[in-house]
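Step one of this worksheet: look at the structure below.
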2 protein chains.
Amino acid sequence: MGQKVKLSTIADSLGLSTATVSLALRDSPLVADATREKIKEQAQTLGYIYNRRAASLRTSRSGIIGVVVHDIMNPFYAEILRAIESELDRNRQTFILSNHYDSVEKQRNFIETLLQLGGDGVIMSPAIGTPKHDIDLAEENGMPAILIARSVDEVDVPTYRGDDAYGIALATNHLIGLGHKCIAMVGGTDQTSTGRHRYQGYVQALQKANIAVDPDLRIPGPRTKQAGFEAAVNFLSLPQKPTAAVCWNDLVAIGLMNGIARAGLVPGKDISVTGYDDLEEASIATPSLTTVWNGQAEVGRMAARALLDKLNGSSDADGLHLIRPEMRIRQSTSPLK
Amino acid sequence: MGQKVKLSTIADSLGLSTATVSLALRDSPLVADATREKIKEQAQTLGYIYNRRAASLRTSRSGIIGVVVHDIMNPFYAEILRAIESELDRNRQTFILSNHYDSVEKQRNFIETLLQLGGDGVIMSPAIGTPKHDIDLAEENGMPAILIARSVDEVDVPTYRGDDAYGIALATNHLIGLGHKCIAMVGGTDQTSTGRHRYQGYVQALQKANIAVDPDLRIPGPRTKQAGFEAAVNFLSLPQKPTAAVCWNDLVAIGLMNGIARAGLVPGKDISVTGYDDLEEASIATPSLTTVWNGQAEVGRMAARALLDKLNGSSDADGLHLIRPEMRIRQSTSPLK
DNA sequence: TTTGATTGTCGAATCGTTTTAATTTGAAAA
DNA sequence: TTTTCAAATTAAAACGATTCGACAATCAAA
């Protein structure tokens, strides 16, 4: 519990200057090998702890990167985060994580905190209704932003997400190919860019197959298992008696399947269900879930990479980068009986 | 993109000193109301951003709290984290999150990073095999630690977790009460304190009911849905033909139920299954899961509270604090046929 | 008018690094 | 011995806030 050990503690104990010690610890070629060795050893035995805030005050690079998403508890984001984490880890950046729960205010708070801490950059899945101004706040204060999973209108920073319209069309076409004609779309909102794209993809696939689009077959709702479970009641009591459901994501799909099973029907047989995202969980659900791979790991990895490159000045990948989704066919869909 | 706005920018623009500006922005009663107003307004219009690292260099309080758990993607930890987050948020602390994936080294790295950043405290669910020394590292450098979910031998810092032996006994007794005699225990490891306590609870409950304990009925494994799913094969091919399973947690239980269903049996009817933790998901699984409430939200809230109190010097809740689990009976268990 | 208390403001040192430009050292070349 | 030059080390000025002790101004009481 002695006094705090700092550069000067080491310097004094060896009869050197702090300058030398500082350089030595950072492996500068300016200092003699023997000296460097001695210094490192002494630092070790004294239990020296590098003070990053003092350093970053001088250098204005903090090694901190912020990540803010809707909800880290949601496996969709969790899979992205894991990829981001491993990429940042590899580059010895510290990352600060936050949920915004789609509150623009909470999100702005986070950005401000990050600026105060001297964050080097921020990766965000913007909250619904995020104004351009909030992104600018970060950028103008020298903290580059990268968007994932969602876009923000008029904002040109690097953005990585799946091609939602294309992906949902894959799922819809798969069901149409199995002979289904009455296909509901369950879960999600139309307030996000994602939501609009997905609904579009669904509508266009139906139209291309000359199937009339019935707005009543759109059952919006939260994007959770719980919501999917509860949506089953509405779904099963639709007068049109849909035989299949395109779900917003795997969580909704699994919830819906549970709800269908609870009502005594067999999901995958009586009702075909598709998910979206291809979470780890999709393949072990019962029945295993037919879904659309949405490249979470890709998105996370590429976003982190883009930020690191930007910080190194080695590239500027501004604008939208779409990951192309792929179909994963399993047991939850079957031909119309 | 002008020069960075700092205290002196504001001071100069108003013909005041940085001292006054600093005090005013922090609502010190020392400065006149009119002056304070003027200063705050000016700060606003200039777009001033408080530089926390400069401040904390002087004050040695950073407002940063670290949290490290096995895996934030695991809903068990996610539920704890959510509670911690809301408590810390309320007290305007920033929290830095990390997984350690049970790597002691990654965990130590995190602690070191946190020390470098001047973290005020750390909440951790210690990695398997965490040495006392690593906790001391934090404490000795003035960064108090709080443990959650697991204990570390010989370490006396405040620790919050469920009473595992008691909880697993609840589940085992419930099954015994339903007439089951051949009860397997699925998932988890015996390398953690948690693991040892849970196995103990299981064994003691059996013994008290005069049921012989068969070590072959212990099927250890990872604590994931995937693992539970895969364990089904082993479980179903045990020569003793168990009629019930006490699972390590809800994830394993749900995976196991899926695996049982995949094999053509009906979980909850043919085989009774209990979970542990009472995740949000437990009640919407099919069949809904009989499980043990383990107070994740409580643990998170209390741990955060304890740390904040410690930082304010208002209390020292050293030692172990057990949350008492409760039974949640649902559809996945039924009387022995 | 002087004294004392009160209120509001400020100068300057400090926190622990980094970094530039300058200085010292030591060995080789003259 | 001096000169030259490269290599190794250092002094000191940042970075942007906080805070202590001093100082000036105002006002009430003596």
Side-chain angles (χ1 to χ4, degrees), chain A residues 2-40 42-43 46-64 112-113 115-120 141-142, chain B residues 2-40 42-43 46-64 112-113 115-120 141-142:
Chain A
Q3 290 313 296
K4 199 158 269 181
V5 179
K6 41 186 166 175
L7 284 190
S8 65
T9 316
I10 302 178
D12 292 351
S13 79
L14 291 175
L16 292 168
S17 73
T18 62
T20 308
V21 176
S22 170
L23 292 169
L25 290 179
R26 280 171 304 136
D27 286 321
S28 159
L30 288 180
V31 21
D33 289 353
T35 316
R36 189 201 340 282
E37 280 313 306
K38 240 183 1 193
I39 290 178
K40 286 198 167 181
Q42 183 74 288
L46 290 181
Y48 170 68
I49 289 176
Y50 180 65
N51 186 330
R52 280 220 233 179
R53 32 209 220 294
S56 81
L57 185 53
R58 188 68 226 274
T59 60
S60 57
R61 263 300 275 278
S62 64
I64 292 179
E112 266 161 18
T113 300
L115 284 171
Q116 294 182 356
L117 291 173
D120 292 338
N141 286 94
Chain B
Q3 289 314 296
K4 198 156 269 182
V5 179
K6 40 186 166 174
L7 282 191
S8 65
T9 316
I10 302 178
D12 291 352
S13 80
L14 291 174
L16 292 168
S17 74
T18 63
T20 308
V21 176
S22 170
L23 292 170
L25 290 179
R26 280 173 303 138
D27 287 323
S28 158
L30 288 179
V31 20
D33 289 353
T35 316
R36 185 196 347 279
E37 281 312 306
K38 239 182 4 196
I39 290 177
K40 286 198 166 180
Q42 185 73 255
L46 290 182
Y48 170 68
I49 288 177
Y50 179 66
N51 187 328
R52 281 218 234 178
R53 31 208 220 294
S56 80
L57 185 54
R58 188 70 225 275
T59 61
S60 57
R61 263 299 275 276
S62 64
I64 293 180
E112 265 161 18
T113 300
L115 284 171
Q116 294 182 355
L117 292 173
D120 292 338
N141 286 95

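Chain letters run A, B, ... following the sequence lines, proteins first, then strands; residues in each count from 1.
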Report task. Report yes if some heavy atom in the side chain of A/Leu25 is under 4.5 Å from a heavy atom in the side chain of A/Tyr50; otherwise report no. Result -> no
Requested in this report: Taking only the side-chain heavy atoms of A/Ala55 (C-beta and beyond), determine which of C/dT19, C/dT17, C/dC15 contains the nearest atom.
Outcome: C/dT17
Requested in this report: Round to a whole Å and report the spacing from CG of B/Leu30 to P of D/dT18.
Outcome: 14 Å
Query - Pairing residues for A/Ser13 by the side chain to side chain donor-acceptor pair (under 3.5 Å) criterion, not counting sequence neighbours - result: A/Gln42
**Report entry** Test log, rule side-chain contact (heavy atoms from CB on, under 4.5 Å), inputs B/Leu14 and B/Thr20
**Finding:** CA-CA 11 Å; B/Leu14 291 174; B/Thr20 308; over 6 Å; no
Requested in this report: Return the nearest nucleotide to the side chain of A/Leu57; candidates are D/dC15, C/dT19, C/dT17.
Outcome: D/dC15
Report task. Let me know the distance between CZ of B/Arg26 and C1' of D/dT18, rounded to the nearest Å. Result -> 6 Å
**Report entry** Residue-level proximity of residues 8-20 of chain A to DNA chain D when a heavy atom falls under 4.0 Å
**Finding:** A/Gly15, A/Leu16, A/Ser17, A/Ala19, A/Thr20
Query - For atom CZ of A/Arg61 and atom P of D/dC15, their distance in whole Å - result: 19 Å
**Report entry** Between C/dT7 (P) and B/Arg36 (CZ): distance, integer Å
**Finding:** 14 Å
**Report entry** Student check: side-chain heavy atoms of B/Glu112 and A/Ile49 closer than 4.5 Å
**Finding:** no
Requested in this report: When you get a sec, tell me which of C/dG16, C/dG8, C/dT19 is the closest nucleotide to the side chain of B/Ala32?
Outcome: C/dG8
Query raised in the report: Quick one: A/Leu7 CG to C/dT19 C1', roughly how many Å, whole number?
Result: 13 Å
Query raised in the report: Got a salt bridge between B/Lys40 and B/Asp27, using NZ or NE/NH1/NH2 to carboxylate O under 4.0 Å?
Result: yes
Query raised in the report: Do the non-hydrogen side-chain atoms of A/Leu117 and B/Leu117 ever get within less than 4.5 Å of each other?
Result: no
Query - B/Arg58 CZ - C/dG16 P separation (whole Å) - result: 10 Å
Requested in this report: Grab the NZ-P distance between B/Lys6 and D/dA14 for me, whole Å please.
Outcome: 10 Å
Query raised in the report: Reckon B/Ser56 touches a base, only the sugar-phosphate, or nothing at all at heavy-atom distances under 4.0 Å?
Result: nothing
Report task. When you get a sec, tell me which of C/dT19, C/dT9, D/dT19 is the closest nucleotide to the side chain of A/Leu23? Result -> C/dT19
Query raised in the report: If you check the A/Thr35 side chain, which of C/dT9, D/dT9, C/dG16 turns out closest?
Result: D/dT9
Query raised in the report: Does any non-hydrogen side-chain atom of A/Arg53 lie less than 4.5 Å from one of B/Ser60?
Result: yes
**Report entry** Distance in angstrom units between B/Asn51 CG and D/dC15 P, rounded
**Finding:** 12 Å
